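As the structure lists them, so they are numbered: ligands from 1, and atoms in each ligand from 1. Treat the numbers as computed from the prediction; the structure is a model and nothing was measured.
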Amino acid sequence: MDIEAVRWADGRLRFLDQTLLPHEERYVETADHHVVAEAIRALRIRGAPAIGVAAAYAVVLAALQSSRGPATAFFPSIRRAIDLLASTRPTAVNLFTALDRMRSALDRSTALPASSVVEVLLEHADSIFRHDVESCRLIGELGAALIVPGSAVLTHCNAGALATAGAGTALSIITTAARQGKILRVFVDETRPLLQGARLTAWELARARIPVTLITDSTAATVLRKGMVTAVIVGADRITATGDVANKVGTYPLALMASVHDVPFYVAAPSTTLDRATETGAEIVIEERDPEEVTHLAGTRVAAQGVDVFSPAFDVTPNELVTAIVTELGVLRPPYTGSIRRLGPPQ
Ligand code: MRU
């Protein structure tokens, strides 16, 4: 069965609880938007596009829930739900793009009866879902054209089916190129501290029967220096108007290493990850995580007592280190200010 990170199922949202992978494949179904908000906060649903899709459907759940309550509370409670969902994680712009679209649809629907409002919101959420599925497919096709036969690629974190409504972004390129017989091996950074590489990306690739080698994050420089990797491909949580890229912490050092070793560094993301209103990476709010994720391993403390922790979830790669950005609308090349502007308004 295909991986389905998030899917609408008959008035409920169905999602795969990613905190349990790779040991357990447990799908959760809920009609409660609070459960979706908690799932995003706790990284049960994660990855920029998947968060956006889940949040859009959670607004529909909120509308369904409030349609059973007093009429005067209907619109205010949906707006409260949107605010709650927007507070779950700060960095991935897809969350805010999706919620802004749902809020605008709601604002245009205030004269409609509750049942029609629910329908309108569901149409928008479905459209966000379908757009993401199609974007993943196109990113895979466009990006695979950049991969030369006999490649070994390196990726970080998880930008696969688990992180989107479709086949993924960076992993869509990798799986498409692998189907074309161009990829010999994929190196996967384990991705400290939450191990999205080891737990999720390695699981997806092994499931797709693509040869995968797991490395610690600090081994990346060695494989690059030894010429074991011909391209680095990662996803993104937010790309600014100048092409600076926020992605899982550890992406920036990879870009630096790739540049030193003259290896192309590709970023794959749908146009919904572009944040044209933000000029540079310095303006992006970077989520900070709970220190326990660093001081503890599987619930056991491994760090010395009495130490402080700094644990940003993401870092920013400056645009000059990015060889190309693969979107569903085309492959962008530097200078990105121009290539992003030429893409036109958001889709
Ligand atoms: O903290 P996470 O697991 O949500 O971080 C995810 C990433 O950094 C991904 O690379 C990014 O969202 C792109 S997913 C297509």
Side-chain angles (χ1 to χ4, degrees), residues 3 5-6 15-19 21 39-55 88-98 128 131-133 135-140 143 154-175 188-204 217 232-239 245-255 265-275 281 284-290 293-294 311-317 322 325-328:
I3 296 165
V6 280
F15 65 88
L16 180 56
D17 184 345
Q18 300 188 30
T19 59
L21 289 171
I40 295 173
R41 210 183 282 279
L43 273 64
R44 300 181 203 288
I45 302 170
R46 48 146 298 283
I51 294 173
V53 170
T88 51
R89 296 192 76 190
T91 306
V93 75
N94 308 57
L95 174 67
F96 304 99
T97 316
I128 292 169
H131 180 267
D132 193 51
V133 172
S135 297
C136 289
R137 192 184 69 72
L138 290 166
I139 287 169
L154 169 58
T155 191
H156 188 71
C157 194
N158 173 270
L162 290 168
T164 63
T169 57
L171 277 202
S172 179
I173 296 177
I174 291 171
T175 51
V188 175
D189 273 355
E190 62 175 351
T191 315
R192 282 278 293 151
L194 294 181
L195 305 176
Q196 287 93 332
R199 294 189 302 106
L200 310 177
T201 302
W203 178 75
E204 281 197 44
D217 299 350
V232 178
I233 314 177
V234 297
D237 282 82
R238 192 184 286 245
I239 301 174
V245 174
N247 191 48
K248 178 56 56 195
V249 68
T251 300
Y252 172 40
L254 263 189
F265 181 86
Y266 298 123
V267 173
S271 56
T272 46
T273 303
L274 294 173
D275 176 7
I284 299 173
V285 177
I286 301 290
E287 175 184 3
E288 282 197 35
R289 303 286 308 172
D290 185 338
E293 293 174 354
V294 178
S311 183
F314 304 96
D315 61 23
V316 174
T317 299
V322 179
I325 300 175
V326 184
T327 76
E328 80 280 15

Give me the pairs of N or O atoms, one from ligand 1 and one from the protein, that sit under 3.5 Å apart.
from	atom 1	to	atom 2	distance (Å)
ligand 1	1 (O)	Arg89	NH1	3.4
ligand 1	1 (O)	Arg89	NH2	2.8
ligand 1	1 (O)	Lys248	NZ	2.7
ligand 1	3 (O)	Arg46	NE	2.5
ligand 1	3 (O)	Arg46	NH2	3.4
ligand 1	3 (O)	Gln196	NE2	2.9
ligand 1	4 (O)	Gly47	N	3.1
ligand 1	4 (O)	Arg89	NH1	2.8
ligand 1	8 (O)	Asp237	OD1	2.9
ligand 1	8 (O)	Asn247	OD1	3.1
ligand 1	8 (O)	Lys248	N	3.2
ligand 1	10 (O)	Asn247	OD1	2.6
ligand 1	12 (O)	Ala48	N	2.9
ligand 1	12 (O)	Asp237	OD1	3.1
ligand 1	12 (O)	Asp237	OD2	3.1

Any ion pair linking Arg192 and Glu190 (charged N to carboxylate O, less than 4.0 Å)?
no
Derivation of the side-chain contact (heavy atoms from CB on, under 4.5 Å) call for Trp203 and Gln18:
CA-CA 11 Å; Trp203 178 75; Gln18 300 188 30; over 6 Å; no
With sequence neighbours left out, what residues match Val285 under side chain to side chain contact (heavy atoms under 4.5 Å, CB included)?
Pro90
Suppose we screen for side chain to side chain contact (heavy atoms under 4.5 Å, CB included). Which residues come up paired with Ala163, at least two apart in sequence or across chains?
Arg46, Asn158
Residues two or more places apart in sequence or in another chain: which of them pass side chain to side chain contact (heavy atoms under 4.5 Å, CB included) with Tyr252?
Leu256, Asp315, Thr317, Pro318, Leu321
Side-chain H-bond candidate by donor/acceptor type, Asp237 with Thr91, under 3.5 Å:
no
